[in-house]
Number of protein chains: 2
Amino acid sequence: MNRFNSLFTKNIYYGSQLLPGKKHTKIVVGDYFLLKRKYTEQQVKTYAEISGDNNPIHTDEEAGKKSIFKQRVAHGMLTGGIFGQMLGSTLHDAIYLNQTLKFTAPVFLNEEVEGRMEVIDVNYKKKFIKLKTSLHKIHENDKIAVEGEAMVLYKYLEE
Amino acid sequence: MNRFNSLFTKNIYYGSQLLPGKKHTKIVVGDYFLLKRKYTEQQVKTYAEISGDNNPIHTDEEAGKKSIFKQRVAHGMLTGGIFGQMLGSTLHDAIYLNQTLKFTAPVFLNEEVEGRMEVIDVNYKKKFIKLKTSLHKIHENDKIAVEGEAMVLYKYLEE
């Protein structure tokens, strides 16, 4: 099992946890951040309104029951937004360059999930930070609901 | 200039436009959909609340002015959500499998943008549809703000 498998299946981390509300300038491969959250019915309904994605599988209880998921699910792009939230709170003023999102399992309403990010590459000259990003279903044995990678430009980065 | 360059720079399409509110079962490479929209101040503030991404560059006029963008910008993951909206309204009950997002230019508040999707591959047996996805800044000569690809599972697909 390689290091990243360890990280995502066993919660073993090798760097420092980057906590919200602190300006981080020394960032190295292995640093990570974690964030637990839920998506409430109200948040999903509000996201449907502002995003314009009114698919009833997200907002209508009956439609959810009739779907292959057997209940309402949060919008994929809402759940993937946890990585924006984690970057915004931890790497202040970071410019989001790209994000890949693979939706591997549904996130249900009010389900406890945990976002995990780990620094997997740093370019100190260009001030780029590459991160492995995943969202886990806590009560389904940490099953991955969303996974991918992100790249940010972080002007405060120091070697 | 290849076909996709034509598509994204010249608005030349080779298939049929898939319009919202109609059940599409016959889908072929070249089919496309387009959607114009704006992100209002209220939508951006509401997205900040429900996503938890409270970076002031999105919500605070002064912070926006001091940023490298010189004004407030919509959250990348909010603007990328247009692809979810377009899929939800056009390919009813599609299951979103993955999405890549490259954020290439900021989207400002109340700026007119257009989402464009084009079918670039179809697997009729597995019922997978692959799409090229992009979001364009209408009043900046169609400059791309977000680009990437998406894959969906669409059970109604017929050969």
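Residue numbering restarts at 1 for every chain, and letters A, B, ... go by the order of the sequence lines. Since the model is a prediction, treat every value here as computed from it, not as a measurement.
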Is there a path of hydrophobic side-chain contacts, each under 4.5 Å between heavy atoms of I/L/V/M/F/W/Y residues, joining A/L97 to B/V73? yes
Mind checking the CZ-CG spacing from B/F83 to A/D53? Nearest 0.5 Å is all I need. 13.0 Å
Is there a side-chain contact between B/L87 and A/M77 in this structure, where contact means two heavy atoms from C-beta onward sitting under 4.5 Å apart? no
Where on B/N55 is there a heavy atom nearer than 4.5 Å to chain A: the side chain, the backbone, both, or neither? side chain
Most heavy-atom pairs under 4.5 angstrom with chain B, which of A/T79, A/T40, A/N98, A/I50? A/I50
Quick one: what part of A/L101 sits under 4.5 Å from any heavy atom of chain B, side chain, backbone, both or neither? both
Are B/V146 and B/M117 connected, step by step, through hydrophobic side chains (Ile, Leu, Val, Met, Phe, Trp, Tyr) whose heavy atoms are closer than 4.5 Å? yes
Based on non-hydrogen pairs under 4.5 Å, which of A/T104, A/I95, A/L78 is most in contact with chain B? A/I95
Residues, nucleotides or ligands: over 12 heavy atoms within 6.0 Å of B/K26 NZ: yes
Should A/F128 and A/Y124 be regarded as members of a common hydrophobic cluster, given that ILVMFWY residues are connected when their side-chain heavy atoms come within less than 4.5 Å of each other, either directly or indirectly? no
Name the region of B/F69, side chain, backbone, both or neither, that has any atom closer than 4.5 Å to a heavy atom of chain A. side chain
Rounded at 0.5 Å granularity, tell me how far NE2 in A/H92 sits from CD1 in B/I57. 9.0 Å
In this structure, would A/L131 and A/Y156 fall into the same cluster of hydrophobic residues linked by side-chain contacts under 4.5 Å? yes
For the atom pair CG (B/D93) and CD1 (A/I68), what is the distance rounded to the nearest 0.5 Å? 9.5 Å
Take atom NZ in B/K137; do more than 12 heavy atoms of anything else shown fall under 6.0 Å from it? yes
Region of B/L35 that comes under 4.5 Å of a non-hydrogen atom in chain A: neither
Please identify, among A/S51, A/S89, A/G88, the residue contributing the most non-hydrogen atom pairs under 4.5 Å to chain B. A/S51
Below 4.5 Å from any heavy atom of chain B, which atoms of A/I82 appear? Answer side chain, backbone, both or neither. neither
Structural part of A/T46 lying under 4.5 Å from a heavy atom of chain B: both
Between B/Y47 and A/Y47, which heavy-atom pair has the shortest distance, and what is it? CE1-CE1, 3.8 Å
Report yes or no: do B/F108 and B/F103 belong to one cluster of Ile/Leu/Val/Met/Phe/Trp/Tyr joined by side chain heavy-atom distances under 4.5 Å? no
